[in-house]
Number of protein chains: 2
Amino acid sequence: MTTTMTDEKLRNHSIRPTAIRKTILDLFISSGYALSHADIEKLLDNQCDRVTIYRTLERFEQQGLIHKVPDNSNINKYAVCADTSCTSQEHHDEHLHFTCEQCGNIFCLNIMNMPTLELPSGYLLNRISLEAEGVCKECNEMN
Amino acid sequence: MTTTMTDEKLRNHSIRPTAIRKTILDLFISSGYALSHADIEKLLDNQCDRVTIYRTLERFEQQGLIHKVPDNSNINKYAVCADTSCTSQEHHDEHLHFTCEQCGNIFCLNIMNMPTLELPSGYLLNRISLEAEGVCKECNEMN
DNA sequence: AAATTTTTTGCAACCTGGTTGCATTTCATT
DNA sequence: AATGAAATGCAACCAGGTTGCAAAAAATTT
Ligand SMILES: [Mn+2]
Ligand SMILES: [Mn+2]
Ligand SMILES: [Zn+2]
Ligand SMILES: [Zn+2]
């Protein structure tokens, strides 16, 4: 059996490449936007137990393969991390998350200059996260 | 019976000033940070049903009295809106939300210049929201 | 001041996203 | 082939939040 790219990516992050995990990683890679547990469950259509999906997402995140994407509807969404950026030690996903008001999808966007900001004195800044809402490219073109 | 300030504030937002509502609004006003349903329930210690708290929060938000504060633990937190900014028509809470890694509290901070940003072409920007993490003033001074 | 209508509250039941414990299966190692 | 470790499935659970409906309270009309 040949070692696929997905296989390698999993191994590189110390994740054993089981069938389910390869499938789920493929979903993430080929998706243009962030996926929720429910999204994946639907796409997989009973190929595995829902708990397995939860545990896969947990593992992927711990190992720096995907990152949580803030979603104002209080459900977890995830997207693949940029190729080299993240490890099991630390995530470095400094980019914009854009929620489309029409399709509801969330996109990771790389913008030129992430803003720097000054806090009131006394506050120590460690991480910054930037979110935006509007209409995405696809939905825009549809109108 | 004299008309208190809390009373007026509620009436100004077309919310009938019942005892519970006044109490909850007072909690918000005197709190330095965002409150969750659980926070309020604890502070109120069974003075009312939990559903009533949920409905009060809902109402307050609809009427532009409080706004949702993004919290990465997937639970809703709320903070009072700046005095004149928000109505039942629209919220205008353009400020920074700062989560303290130590105490876990979330603070609304007014910073000088909210960043403006350029999106990739095709995306239409409607709202932007800025969050930061670090150590808050109080926790900083404790160390 | 009654009577009527509208709004708020409490209670029980429910829903959805997510977690935990444990037995079974799968996989890598010896 | 035998052993041990990691992954999976299943059932039960939990927490935050919602819904429907009846009782209570407040506002409005007569
Ligand atoms: Mn992202
Ligand atoms: Mn705020
Ligand atoms: Zn869209
Ligand atoms: Zn703090």
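Note: hydrogens, waters and symmetry copies are ignored here, and every other heavy atom, side chains too, is used.
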Please list each protein N or O that sits under 3.5 Å from an N or O in nucleotides 3-6 of chain D, with the distance.
from, atom 1, to, atom 2, distance (Å)
D/dA6, O4', A/Arg16, NH2, 2.5
D/dA6, O3', A/Arg16, NH2, 3.3

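Taking all atoms of both residues into account, the shortest heavy-atom contact from B/His95 to B/Asn110 is CB-OD1, 3.7 Å. Considering all non-hydrogen atoms of both residues, A/Asp39 and A/Ala34 come closest at OD2-O, 4.1 Å. For the residue pair B/Arg11 and B/Pro17, the shortest heavy atom distance occurs at NH1-CG, 3.6 Å.
Using modelled atom types, one side-chain atom of B/Arg21 and one backbone atom of B/Arg16 make a donor-acceptor pair closer than 3.5 Å.
In this structure, the NZ atom of B/Lys77 is 17 Å from the C1' atom of D/dG17, given to the nearest Å. To the nearest angstrom, P of D/dA15 lies 17 Å from CG of B/Asn76. When the P atom of D/dA27 is taken as reference, atom CZ of B/Arg11 falls 8 Å away, rounded to whole Å.
Comparing B/Pro17 and B/Asn74, the nucleotide of DNA chain D nearest to each residue sits closer to the 5' end for B/Asn74.
Protein chain A touches strand DNA chain C; the 5'-most and 3'-most nucleotides with an atom under 4.0 angstrom of its non-hydrogen atoms are C/dG17 to C/dG21.
Rounding to the nearest 0.5 Å gives a distance of 12.5 Å between OG1 of A/Thr6 and CD1 of A/Ile24.
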Tabulate below the donor-acceptor pairs under 3.5 Å that side-chain atoms of residues 73-80 of chain A make, not counting sequence neighbours, or state none.
from, atom 1, to, atom 2, distance (Å)
A/Ser73, OG, A/Asp71, OD1, 2.5
A/Asn74, ND2, B/Asn76, OD1, 2.8
A/Asn76, OD1, B/Asn74, ND2, 2.7

Review item, side-chain donor-acceptor pairs of residues 124-140 of chain B, under 3.5 Å, at least two apart:
from, atom 1, to, atom 2, distance (Å)
B/Asn126, ND2, A/Glu101, OE1, 3.1
B/Asn126, ND2, A/Glu101, OE2, 3.3
B/Arg127, NH2, A/Glu101, OE2, 2.6
B/Arg127, NH2, A/Glu133, OE1, 3.4
B/Ser129, OG, B/Glu131, OE2, 2.6
B/Glu133, OE1, A/Arg127, NH2, 3.3
B/Asn140, ND2, A/Gly122, O, 2.7

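Shown here is B/Tyr33, whose OH atom has no more than 12 heavy atoms of other residues, nucleotides or ligands within 6.0 Å.
Every residue meeting the side-chain contact (heavy atoms from CB on, under 4.5 Å) condition with A/Leu27, not counting sequence neighbours, appears here in chain and number order: A/Leu35, A/Ile40, A/Leu43, A/Leu44.
Only A/His37, A/Arg50, A/Val51, A/Tyr54, A/Arg55, listed by number, bring a heavy atom of residues 37-57 of chain A to less than 4.0 angstrom from any atom of DNA chain C.
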Audit row: A/His91, A/Glu61, side-chain contact (heavy atoms from CB on, under 4.5 Å) steps and yes/no
CA-CA 9 Å; A/His91 275 274; A/Glu61 196 197 5; 4.0 Å; yes
